[in-house]
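For reference, the structure is listed below as structure tokens.
Only heavy atoms go into these numbers, but all of them, side chains included; no hydrogens, no water, no symmetry mates. Throughout, residue positions are numbered sequentially from 1 according to the sequence presented. The model shown is predicted, which means the values in this text are computed figures rather than measured ones.
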Amino acid sequence: MLLSLCLPPDPVKYQGLGRLTFSGLLNALDGVASTEARIVFMTTNHVDRLDPALIRPGRVDLKEYVGHCSHWQLTQMFQRFYPGEAPSLAKTFADRVLQATTQISPAQVQGYFMLYKNDPAGAIHNAESLKR
């Protein structure tokens with residue numbers, strides 16, 4: 001009977017998952033279980049929903065907002081993903097993306113590039129598919 005009280009209500013949902021508690025997470029970040037000289041990146045789309053203990057000063061030293069891509073960012077991302085291509089193609093890509101949508105995140109663009117790993121022309125041609 002004691003064993004059944006320790007199991008989650010639906011064990012199938014938790015199968016293969018470790019049990020991490022909020023307290024355990026905080027200890028791993030800066031408690032006795034933490035290590036020195038490391039950098040931790042935390043990302044969220046909803047900073048307002050995070051527990052204040054998680055993002056208090058000392059645990060989170062820098063907050064950086066990453067918004068939607070600008071024309072310059074889109075051209076830079078294209079040039080870095082396709083380093084051998086002409087800069088004019090990067091400009092064309094950025095123009096086409098911003099004609100389709102002005103609200104696109106860097107993560108969306110990166111995922112899109114993965115669909116066209118070896119096809120920069122295809123990435124430009126299908127840029128309209130990025131609109132929401």
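A ring-centre distance under 6.0 Å is found for F113 and F93.
Annotation: side chain of R59 is in contact with side chain of L26 (closest heavy-atom distance under 4.5 Å). A heavy-atom distance below 4.5 Å is not found between the side chains of K131 and Q99. Between L25 and L54 there is a side-chain heavy-atom pair separated by less than 4.5 Å. Using a 4.5 Å heavy-atom cutoff, the side chains of H46 and L50 are not in contact. Here the side chains of F78 and V109 are not in contact, with every heavy-atom distance at 4.5 Å or above. Taking the side chain as every heavy atom from C-beta outward, V66 and P106 approach each other to under 4.5 Å. Under the 4.5 Å side-chain criterion, counting only non-hydrogen atoms from C-beta, Y116 is not in contact with F81.
At a threshold of 4.0 Å, the pair R56-D30 counts as salt-bridged, since one of the basic side-chain nitrogens sits closer than that to a carboxylate oxygen.
When only modelled atom types and interatomic distance are considered, D95 and H71 share a side-chain donor-acceptor pair under 3.5 Å.
The heavy-atom pair separating C69 from M77 by the smallest distance is SG-SD, 4.2 Å. Contact detail for T75 and A94: the closest heavy-atom pair is CG2-CB, 3.6 Å. Annotation for Q73 and H68: closest pair OE1-O, 3.5 Å, computed over non-hydrogen atoms.
Atom CD of residue E85 and atom OG1 of residue T92 lie 11.5 Å apart, to the nearest 0.5 angstrom. Here the OH atom belonging to Y112 is positioned 5.5 Å from the CG atom belonging to L130, to the nearest 0.5 angstrom. Between the CG atom of L115 and the OG atom of S129 there is a distance of 8.0 Å, given to the nearest 0.5 Å. For the atom pair CD of Q110 and CZ of R80, the computed distance is 11.5 Å after rounding to the nearest 0.5 Å.
Between the side chain of R96 and the main chain of A127, no donor-acceptor pair closer than 3.5 Å is present. The backbone N or O of G122 sits less than 3.5 Å from a side-chain atom of D119, completing a donor-acceptor pair. No donor-acceptor pair under 3.5 Å is formed between the side chain of Q79 and the backbone N or O of Q76. The closest donor-acceptor contact from the side chain of Y82 to the backbone of L89 lies at 3.5 Å or more, if one exists at all. In this structure, T101 contributes its side chain and I104 its backbone to no donor-acceptor pair below 3.5 Å. With hydrogens and angles disregarded, no donor-acceptor distance shorter than 3.5 Å links the side chain of T102 to the backbone of L98.
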Inset, instruction - Run the numbers on I55 and K63 for side chain to side chain contact (heavy atoms under 4.5 Å, CB included), then give the verdict. - result: CA-CA 9 Å; I55 56 173; K63 293 180 186 176; 4.1 Å; yes
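The local environment of CG in N118 is sparse, with at most 12 non-hydrogen atoms from other residues, nucleotides or ligands closer than 6.0 Å. For E128, the CD atom counts as loosely surrounded, since its 6.0 Å shell holds 12 or fewer non-hydrogen atoms of other residues, nucleotides or ligands.
For K117, the salt bridge (charged side-chain N to carboxylate O under 4.0 Å, His left out) test picks out no residue, with sequence neighbours left out.
Hydrophobic cluster membership for W72: none, as no Ile, Leu, Val, Met, Phe, Trp or Tyr side chain comes under 4.5 Å of it.
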